[in-house]
Amino acid sequence: MGVVVEQPVEGDAFGAMLLEQWEIGDVWEVVERDDGHVMVGWAAERYFAEPSRWNPLDTAAIDRCVGSVLDVGAGAGRACLELQRRELPALALDTSAKALQVCGRRGVRDSFLGTVFDLARQLPDRRFDSILLLGNNFGLLESPDAARRFLDALARLCTDGGRVIGRGLDPYSTEDPDHLRYHDRNRAVGRRAGQMRLRVRHRSEATPWFAYWMMSPHELEQALAGTTWDMDELHQDGGSYMAVLGKN
Ligand SMILES: C[S@@+](CC[C@H](N)C(=O)[O-])C[C@H]1O[C@@H](n2cnc3c(N)ncnc32)[C@H](O)[C@@H]1O
């Protein structure tokens, strides 16, 4: 009888990666795409980086935060810690319990476990002046169909005159043949090139598969059409960008 090939156990692999980086160090982020492509691109240490080592677009994003801030997909809390240093009240929101555990151990004062939909439902009167989507978290718009629902939830959580400040990655900036093949595969079934289905792996764990939409700035503007959001600012560095959305 042959050896059984086991599948990874579904769980909080992203949070487990952060926790191991915090406790031991030297951990790499492993992301698997649904075409079998595996990306071992980044050291988990980048989620803990001090502002002096950030991409200037991240610093510019924090500079645009005013008043109370909701950090969506806060990770290890690097943005919340910097906001606290600047004496701006910040709430770290994440679907990863272990990520929020790391946030707490590093000194992040306020956190919420769940999605923006959960927050809007559980705390219907809570409003923020600024909402952050760092770490390419415009990807949380998921797809052209799902984007409207996510953007509406952000509008509910935001004060009048408030703003969303996010980072994105333009999928069309790549020449990697594996990525271009994935774009073609998406287009063939009527999806946008950068609509990805991913899961994070850590040791024998994997997160559930999730939708993440890498969109160009133009696609982001298209997604905003008919919503309460306008793109007020766009700053680009190669394929990477930071955009500020204002309530119209
Ligand atoms: C790429 S990391 C970015 C972390 C952090 N913003 C940074 O820039 O260092 C994405 C984070 O979003 C969280 N996340 C994933 N899906 C989410 C969702 N639907 N709602 C809230 N957070 C989510 C993940 O657990 C992870 O902490």
Side-chain angles (χ1 to χ4, degrees), residues 10-22 27-33 39-51 53-62 65 69-84 90-106 108 111-122 128 130-143 146-147 149-154 157 164-169 196-202 205-214 240-242:
E10 198 168 277
D12 185 3
F14 187 83
M17 171 198 78
L18 292 181
L19 201 54
E20 184 171 329
Q21 174 64 32
W22 176 243
V27 176
W28 290 79
E29 182 175 17
V30 179
V31 181
E32 184 182 358
R33 201 170 57 192
M39 295 163 262
V40 188
W42 308 289
E45 186 273 337
R46 75 178 183 140
Y47 292 112
F48 297 78
E50 287 298 318
R53 294 181 45 231
W54 288 2
N55 180 298
L57 291 178
D58 280 346
T59 311
I62 297 289
C65 288
V69 186
L70 173 63
D71 184 9
V72 177
R78 66 188 175 100
C80 283
L81 290 172
E82 176 58 13
L83 292 163
Q84 287 177 188
L91 176 68
L93 175 147
D94 210 292
T95 48
S96 161
K98 285 184 177 150
L100 292 183
Q101 195 182 320
V102 172
C103 282
R105 285 168 67 177
R106 297 181 75 213
V108 173
S111 65
F112 179 88
L113 177 62
T115 64
V116 292
F117 306 108
D118 298 327
L119 180 63
R121 199 169 38 245
Q122 290 177 35
F128 301 86
S130 311
I131 299 181
L132 267 181
L133 294 167
L134 289 191
N136 295 328
N137 264 346
F138 273 133
L140 295 178
L141 271 64
E142 292 191 354
S143 70
R149 190 168 161 255
F150 187 80
L151 291 165
D152 285 351
L154 297 188
L157 290 165
V164 170
I165 307 142
R167 292 288 310 273
L169 189 61
M196 299 195 290
R197 203 157 174 73
L198 306 171
R199 64 179 179 178
V200 176
R201 300 284 300 265
H202 184 64
E205 264 189 341
T207 64
W209 289 101
F210 57 91
Y212 209 66
W213 181 18
M214 293 298 188
S240 191
Y241 61 92
M242 184 273 281

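Each ligand, and each atom within it, is numbered from 1 in the order the structure gives. Note that the coordinates shown come from a computational prediction; the quantities given were computed from them, not determined experimentally.
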Practice problem: Would you confirm whether the ring centroid of F14 sits within less than 6.0 angstrom of the ring centroid of Y47? | Solution: yes

Report all side-chain donor-acceptor pairs from residues 98-105 shorter than 3.5 Å, counting only partners two or more places apart or in another chain.
| residue | atom | partner | partner atom | Å |
| --- | --- | --- | --- | --- |
| R105 | NH1 | E23 | OE2 | 3.0 |
| R105 | NH2 | E23 | OE2 | 3.3 |

Quiz item: Under a strict 4.0 Å criterion on non-hydrogen atoms, which protein residues are in contact with ligand 1?
Solution: F14, Y47, G73, A74, G75, R78, L93, D94, T95, S96, L134, G135, N137, L140

Quiz item: Hey, is R149 close enough to D152 for a salt bridge, meaning N to O under 4.0 Å?
Solution: no

Quiz prompt | R53 atom CZ, neighbour heavy-atom count above 12 within 6.0 Å | solution = no

Quiz prompt | Qualifying residue, where the test is side chain to side chain contact (heavy atoms under 4.5 Å, CB included) with R167 and the options are L57, L133, L132, N137 | solution = L57

Quiz item: What class does the angle between the rings of F150 and F117 fall in, given that below 30° is parallel, 30 to 60° is tilted and above 60° is perpendicular?
Solution: perpendicular

